[in-house]
There are 2 protein chains.
Amino acid sequence: MKKDQIAAWNPAELYLSNLSIDCVIVGYHEKQLKILCTRFEGLNGWLLPGGFIGKNENLDDAANRVLAERTGVEGLFLKQFHTFGSLQRSWEHPVNKKQLAAYEGVSAQTVKWMTERFVSVGYYALTEYSKVNPKKIEIESECRWFDVQELPDLLLDHAQMVHTALETLQLQLHHEPIGFNLLPEKFTLPEMQALYETIIGKELDQRNFTKKLLSLGIIKKLNEKKHIGGHRSPSLYKFIKRNYNKALKEGVQLAF
Amino acid sequence: MKKDQIAAWNPAELYLSNLSIDCVIVGYHEKQLKILCTRFEGLNGWLLPGGFIGKNENLDDAANRVLAERTGVEGLFLKQFHTFGSLQRSWEHPVNKKQLAAYEGVSAQTVKWMTERFVSVGYYALTEYSKVNPKKIEIESECRWFDVQELPDLLLDHAQMVHTALETLQLQLHHEPIGFNLLPEKFTLPEMQALYETIIGKELDQRNFTKKLLSLGIIKKLNEKKHIGGHRSPSLYKFIKRNYNKALKEGVQLAF
DNA sequence: TCAAAAGTGTTCAATGTACACCCATGC
DNA sequence: GCATGGGTGTACATTGAACACTTTTGA
């Protein structure tokens, strides 16, 4: 944005007040869960990708918009998990107030609007890591993936949000085959197992895992193998879309 | 409130804009789940008890306040379950606009504030039916229990809220001993079983239920029986508070 | 031929489920 | 003494958990 655009930007007209959305966007790559974080120009810390809710925009639509802005991908798996409303969230909090240098150039009225207390609706999204090319939006200086074990300092309560999102993800994994959103269309059984092990944080028995997964009847073996050299080539599988969607809707039992 | 008080009432100063709280307050009595509903003066339909969030009030505190206002009881089991933000929620929606007669006497500015679009954070509460003496607040004409099967016409998306809350309750029942909040301090095993049957909507085997419940180690038999005449007197039980709290925190397996 | 990961079945333990009779109480 | 609901145990089926060797591949 140019300076005159920044000066004219009036969120109070466009968006609901006191209310924001933050997305915990989870990606997966080489046995690592990753979280997409952004840094705003002038702010000494990172944030989750977030945004405001248009005055005529559904909550879920707003979350999808925020997600699409940062990932370039539409229609990712996205789910509301909790709404955060503690008083510590405000930018007015001493810890945060000094971060507000970022808002130079913005009208005083807008700074007031931005620094009011916000309640934020948390969504989490799951995506295959390679699909996404993180895109910063204009007022951000950087937007990139971090390993969950190596998250940067997150401002406000965003570290808490990540924690709650991952906890929810672990719980839901037992009832919905949601982990599947984190792998490419064609995948091998060992890849899927590594994904589950990463999310729930413990090693699983290979034979039991295979047995249980196949018994769900939501994936089928392809007549292809993945050539990864150095050892036996694992078979590729893909979802049976029809059954997969049914499983998503009706729930499955996948506790380990 | 008197007329001059109503005219001076200025929620825009007191509360966060565009944001409300609604509570699905679930009670239990004689094998019936009940929901507390209120009717506002002049409105042709019922609503869930709700309220706004003070500018310096935590979200959970606001929900507790709303709950305490209507039930007279503090510290009930209360849990956020979902945030509702579809556009259909607005009072500006044609279906709802005609309901606004209720706001006669209120300043035009306040009517504008009240009729903006609201996103609402849904909480559900569980309480023993007899503990609560439903209290209407000033601008309400009535506040009372309804059987879940016989709910009145609920305005906005409040029927959807009840539905989502009950669905969440059923799911959580398998992991947390939450049903216990719906019974008096001393209860019999058949009472507890009837409660579970009511919530999950199917009959359970008496012996299996007893076995599983006792194996959790969170209740103990008292040296008392409940005299209910006409047949054998069932023993009374109560929670072992320490273990019960632990179970609430760590989760239990109570799937039937 | 060796290293590294894939693939594949069976046994045992624990848990869940189905099922029926006697007991206490008040009318 | 009879109607009503409370209380109790066992057998079977299902599910989950533990466990090891052979196969494929490329260096």
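Every chain is numbered from 1 and lettered A, B, ... according to where its sequence line falls, protein lines coming before strand lines. Computed from heavy atoms alone, side chains included, the values below leave out hydrogens, waters and symmetry copies.
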- Atom CD of A:E224 and atom NZ of A:K238: how far apart are they, to the nearest 0.5 Å?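 Result: 9.0 Å between the selected atoms.
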- Message: Can you classify the ring geometry of B:W145 versus B:Y129 as parallel (below 30°), tilted (30 to 60°) or perpendicular (above 60°)?
- Response: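 Aromatic pair B:W145/B:Y129 classed tilted.
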Nearest whole angstrom, please: distance from the [atom2] of [N] to the [atom1] of [X].
{"X": "B:Q253", "N": "C:dG16", "atom1": "CD", "atom2": "P", "answer": "7 Å"}
{"X": "B:K211", "N": "C:dA14", "atom1": "NZ", "atom2": "P", "answer": "15 Å"}
{"X": "B:F256", "N": "C:dT15", "atom1": "CZ", "atom2": "P", "answer": "14 Å"}
{"X": "B:H174", "N": "C:dG16", "atom1": "NE2", "atom2": "C1'", "answer": "14 Å"}
{"X": "B:E203", "N": "C:dC19", "atom1": "CD", "atom2": "P", "answer": "14 Å"}
{"X": "B:Q206", "N": "C:dC23", "atom1": "CD", "atom2": "P", "answer": "16 Å"}
{"X": "A:L213", "N": "C:dG7", "atom1": "CG", "atom2": "P", "answer": "12 Å"}

- List for me each residue that meets side-chain contact (heavy atoms from CB on, under 4.5 Å) alongside A:K131, sequence neighbours excluded, and say none if there are none. A:T127, A:E128
- Centres of the A:H174 and B:H174 rings: under 6.0 Å?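 That pair fails the under 6.0 Å test.
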- Message: Please give me every residue in residues 216-237 of chain A whose heavy atoms get under 4.0 Å of an atom in DNA chain C, ordered by residue number.
- Response: A:K221, A:G230, A:H231, A:R232, A:P234, A:S235
- B:L214 side chain reached by B:Y237 side chain, heavy atoms, under 4.5 Å: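 B:Y237 vs B:L214: side chains touch.
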- Message: Less than 3.5 Å apart, any donor N or O on the side chain of B:Q160 or B:T164 sitting next to an acceptor on the other?
- Response: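 Yes, because at least one side-chain N or O of B:Q160 sits under 3.5 Å from a partner of the opposite role on B:T164.
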- Item | Short side-chain donor-acceptor distance under 3.5 Å, A:Y123 and A:D60 | yes
- Item | Contact interval (first through last nucleotide) of DNA chain D with protein chain B, 4.0 Å heavy-atom | D:dA3 to D:dT10
- Given that B:P190 and B:D205 both sit by DNA chain D, which one's nearest nucleotide is further toward the 5' end? B:P190
- Message: Counting only heavy atoms from other residues, nucleotides and ligands, does the tally under 6.0 Å from NZ of B:K186 exceed 12?
- Response: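 Counting neighbours around NZ of B:K186, 12 or fewer heavy atoms of other residues, nucleotides or ligands fall under 6.0 Å, so no.
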- Task: Might you confirm whether atom NZ of A:K212 has over 12 heavy atoms from other residues, nucleotides or ligands at distances under 6.0 Å?
- Result: yes
